[in-house]
Amino acid sequence: MQEPVLVLNANFEPIHVCSTRRALGLILDGKANLILNGRGYIHTISQTLPRPSVIRLESQIHRPRPHVKLTRREIFRRDNYTCQYCGRRDVPLTVDHVIPRHMGGQHNWTNLVAACSPCNHRKGGRKVEEAHMHLAHIPKEPPANAAYIFGRHLSDNGEWEPYISGW
Ligand SMILES: [Zn+2]
């Protein structure tokens with residue numbers, strides 16, 4: 001019942017991932033309808049219910065423009081799990097403040113990058129130029145399109161692809 005279900009807005013825009021339990025509640029309350037089953041059925045005492053994979057809300061939810069949440073995991077994903085200073089991928093990553101915090105560096109998408117421990121240590125509390133290092137990319141907020149936001153679910157839920165692409 002905890003398996004993820006993709007929730008589409010009334011206009012078919014993918015907006016959320018919820019649990020199977022929550023999705024069934026929305027369907028039974030008449031707030032959503034089943035778009036894709038694909039996972040068999042759930043048998044209760046009185047009824048047989050489809051096990052949803054994709055549902056769609058009956059009425060359109062209005063919401064602000066989506067943003068990718070600023071977390072370690074999302075920083076590493078944006079940076080393709082690659083140290084932004086030396087380009088290595090086969091090392092444990094840390095998060096580096098490009099402009100160090102003690103120099104007023106902010107905790108945001110444009111000042112945080114993935115860095116391996118040796119590079120992070122070598123840079124220390126200095127700016128990139130002061131440490132004679134180079135960034136592979138100028139860090140930016142990642143795009144908030146559906147393919148990026150929901151992309152990490154696609155390896156386990158390939159059937160969502162047609163509902164996500166293009167948004
Ligand atoms: Zn490195």
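Indexing begins at 1, ligand by ligand and atom by atom, following the structure's order. All residue numbers refer to positions in the sequence shown, counting from 1.
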Looking at A115, is its backbone amide N or carbonyl O close enough to the side chain of N120 to form a donor-acceptor pair, meaning the two atoms are under 3.5 Å apart?
no
Check for a donor-acceptor pair, side chain of R77 on one end and backbone N or O of Y148 on the other, with a separation under 3.5 Å.
yes
With N80, which residues qualify under side chain to side chain contact (heavy atoms under 4.5 Å, CB included), at least two apart?
T82, R89
Residue R39 excluded, over 12 heavy atoms near CZ under 6.0 Å
yes
Hey, is NE2 on H137 packed in by over 12 heavy atoms from elsewhere, all under 6.0 Å?
no
Quick one: how many protein N/O/S atoms are under 2.8 Å away from the Zn ion (ligand 1)?
4
For residues K127 and P100, determine if any side-chain heavy atom of one lies less than 4.5 Å from a side-chain heavy atom of the other.
yes
